[in-house]
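Lettering follows sequence order; numbering is per chain, from 1.
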Number of protein chains: 2
Amino acid sequence: MPATIRDVARASGVHISTVSRTFSAPHLVNPETRVRVLACAEDLGYRPNRAARALITGRTHNIGLIVADIANPFFPPLIKAAEGQARHRDYHVFVADTNEDPAAEEELVHALAKQVDGVLLCSPRMSNSLIEQVSREVPVVVINRQVAGLPCVMMDVGQGARAAIEHLLGLGHRRIALLGGPRGSWTNREMRRVAAAAVRAGGAELTLLGPNQPTETGGGALAEQVRRSGVTAVLAYNDLMAIGLIEGLDSLGLRVPQDVSVIGVDDIALSRLTRPKLTTVATPTAAAGRTAVDMLLQHDSDAPRGARGRGAVAGDRRTTAQVMLQTELVVRDSTGPVPPPGRDVAGA
Amino acid sequence: MPATIRDVARASGVHISTVSRTFSAPHLVNPETRVRVLACAEDLGYRPNRAARALITGRTHNIGLIVADIANPFFPPLIKAAEGQARHRDYHVFVADTNEDPAAEEELVHALAKQVDGVLLCSPRMSNSLIEQVSREVPVVVINRQVAGLPCVMMDVGQGARAAIEHLLGLGHRRIALLGGPRGSWTNREMRRVAAAAVRAGGAELTLLGPNQPTETGGGALAEQVRRSGVTAVLAYNDLMAIGLIEGLDSLGLRVPQDVSVIGVDDIALSRLTRPKLTTVATPTAAAGRTAVDMLLQHDSDAPRGARGRGAVAGDRRTTAQVMLQTELVVRDSTGPVPPPGRDVAGA
DNA sequence: CGATGTGCTGCAAAGGTTTGCAGCCGAAGA
DNA sequence: TCTTCGGCTGCAAACCTTTGCAGCACATCG
């Protein structure tokens, strides 16, 4: 039913190769012929068969995007940005969801490998060595993690965590908790490292709670522990956990920010809508999505030649860029001055 | 670099057709041969080239999912469910975002048509006739809209709206507003139709406000209008608008639910996290995603035969199912009894 | 007039897989 | 012993496009 290149060729009285060139190398075909071919193509509703093209060029014009959990509001803006940027360059995006499961992650990237020109690994939970391994099978850009020798786009959560801690120190807090995220998260390690240093530098004390599921539930479940720990301020792995925690503290009778200050990370849309509005470290997720797509596409626009080529494997001298995007502390209503000692109900 | 069917054939000493059959029709090949072939394939890391397969079978094993706005928290659970279900059946999902733009919607579905075996049109904003037109080009399952002659999966927002209105009537409200959603939304029309009937049946009065952007901003912008209208209760097109409205009312000094009751639709995760917790009509989004994938796949698992077949076009006698999923009113804290007349500050 | 070049087009191979058909071998039935 | 049949495997065409190469017509230059 659908028109093929042959139909167009017949209709416009030229050879199929001329039709092909009309689309892929217009400058090689006579303007007159070109308009005629284009007219016929338009007429027949011809669209090149991407599978056939992929078969011979070795490029599918698809990219894979693997995320830990689509339902986590951190990801959709990133997906949206990546999808838009990709479409802009005539690429389509496969989105896959791993449910925070490293094994599913590995399986998925293998399943996708043959079907895409590259994959964006977003907030991967698998090990660095595994990532390096898959990167030998398919071009990879890593988001939210640093892997030596691979193109990465990161958000500077370290700096964000430092800003958050300094904000808290400035408000007088001396006992601070860090709510850890999921095992395997680079962001998590990074935050811990920098937060610990910043707290130490401020002469304060840091309590580590984790690892945890990076969800409201995960945050809410920690309310009791936070209360017992006697801290007056908390930096959470992400906004979702922060919000869950606030909820949990509330049901324990602890008020934010009067009794406890809470800071999240990500600045998801939601963080502006809760009460109190959340103080948080804004991460440039959309920019990250766009940048990653650009890096991937630039990265493999040169390499492959007729499927049989040596692919995008070892030995190439491209400089694998690593981009660090800036974060920013957004102060809203969930942080406040340390409560006066007498009012400290935390130990009650 | 990647192993082809030929490599496997050579390694296991059989013809490529036998290798092919080992995967696509195992019962046709001798068990001994089969294990040998499988071993070699495993060994070489062979994965069939989907482009080549698509070229000859005419089936890409991809499906397209077009949504109005990935960043709207209504969609991610649906995407997630659809993606999981598809993967389960060895399909991949292209996700595309139209930014609530009907034109982008049409363009996208055309761009996708050749590359997928079918598309899920989720909450489409384009006209019915356009939908019917694209459905002649590519198999379509429509979500959140009823289109005669096409497979549809809908959520019974009509019934949900009725339950919501009756809940409000039961609390004594007699002046109710309906916050409309985007132009072109079937859900919107459906809610309006049923809500109007229910309000009339209860001897109350309905004020229509819309159409609006289905976002927090869209909801917040209506706060002033809601106040002026003097209603004591509001049913919003979705949770996002409801939450935005509550926010907006708050900054006008109106409290929810003491001064105004608010009900949303969707029961997004967020609605449990705001304060007050939102009373809302829960829609089974995940189920809708799964169902739609099933309908699409069952739908075109029979039709196509070697690309040249007549495709999934007119004349087929399959019964195009239309599924209506049930909704449920979830009463939380954003609705309460009508305020006593004296306390009515709405007109102030 | 011959040589060279330029601009455009046709030819045909290649890419990896599926699948209808034919062929082979051994067993069972006559 | 000769058919017949079933189980398994090989053969080759087909799917649609891209692309290196060759060919053609024509113009330019020496």
Practice task
Please round to the nearest 0.5 Å and tell me the distance separating atom CG of Asn72(B) and atom NZ of Lys80(A).
Solution key: 9.0 Å

Practice task
Measure the distance from CZ on Arg10(B) to P on dT9(D) and round it to the nearest whole Å.
Solution key: 19 Å

Practice task
Measure the shortest side-chain to side-chain distance between Val323(A) and Met154(A) over non-hydrogen atoms and say whether it is less than 4.5 angstrom.
Solution key: no

Exercise for the section: Check the distance between dA14(D)'s P and Ile5(A)'s CD1 and give it to me in whole angstrom. Expected result: 19 Å

Problem - Protein-nucleotide distance (Ile56(A), atom CD1; dT18(D), atom P), rounded to Å - result: 8 Å

Handout entry: Residue whose nearest DNA chain C nucleotide is more 5′ - Asn30(A) or Ile16(A)
Key = Asn30(A)

Exercise for the section: Could you check whether Val19(B) gets within reach of a base, just the sugar-phosphate, or nothing at all, counting any heavy atom under 4.0 Å? Expected result: nothing

Handout entry: Greater than 12 external heavy atoms within 6.0 Å of Glu132(B)'s CD
Key = yes

Problem - Separation of Arg10(A) CZ from Cys40(A) SG (nearest 0.5 Å) - result: 11.5 Å

Practice task
Would you indicate which nucleotide in dG16(C), dT9(D), dT19(C) comes nearest to any side-chain atom of Arg6(B)?
Solution key: dG16(C)

Handout entry: Between CG on residue Leu120(A) and OG1 on residue Thr291(A), distance to nearest 0.5 Å
Key = 10.5 Å

Practice task
Could you tell me the separation between the CZ atom of Arg53(A) and the C1' atom of dC16(D), rounded to a whole number of Å?
Solution key: 11 Å

Practice task
Check the distance between dG10(D)'s P and His15(B)'s NE2 and give it to me in whole angstrom.
Solution key: 7 Å

Exercise for the section: Grab the CZ-P distance between Phe23(A) and dT18(D) for me, whole Å please. Expected result: 9 Å

Exercise for the section: Answer yes or no: does a side-chain N or O of Ser17(B) lie under 4.0 Å from OP1 or OP2 of dT9(D)? Expected result: no

Fill in the blank from the handout: When Leu28(B) and Ala52(B) are each assigned the nearest nucleotide of DNA chain D, the 5'-most assignment goes to Leu28(B)

Exercise for the section: Check whether the side chain of Arg47(B) and the base of dG16(C) form a donor-acceptor pair under 3.5 Å. Expected result: no

Handout entry: Value in whole Å for how far the P atom of dT17(D) lies from CZ of Arg59(A)
Key = 19 Å

Handout entry: Under-4.0 Å side-chain N/O to phosphate OP1/OP2 contact, Thr18(B) with dG10(D)
Key = yes

Problem - N or O in side chain of Thr33(B) less than 4.0 angstrom from dT9(D) OP1/OP2 - result: yes

Exercise for the section: Answer with base, sugar-phosphate or nothing: what part of the nucleic acid does Ser24(B) contact at a heavy-atom distance below 4.0 Å? Expected result: nothing

Exercise for the section: Measure from CG on Asp7(A) to P on dC16(D) and round the result to the nearest Å. Expected result: 9 Å

Practice task
Measure from the side-chain heavy atoms of Arg21(A) and tell me the nearest of dT9(D), dT9(C), dG16(C).
Solution key: dT9(C)

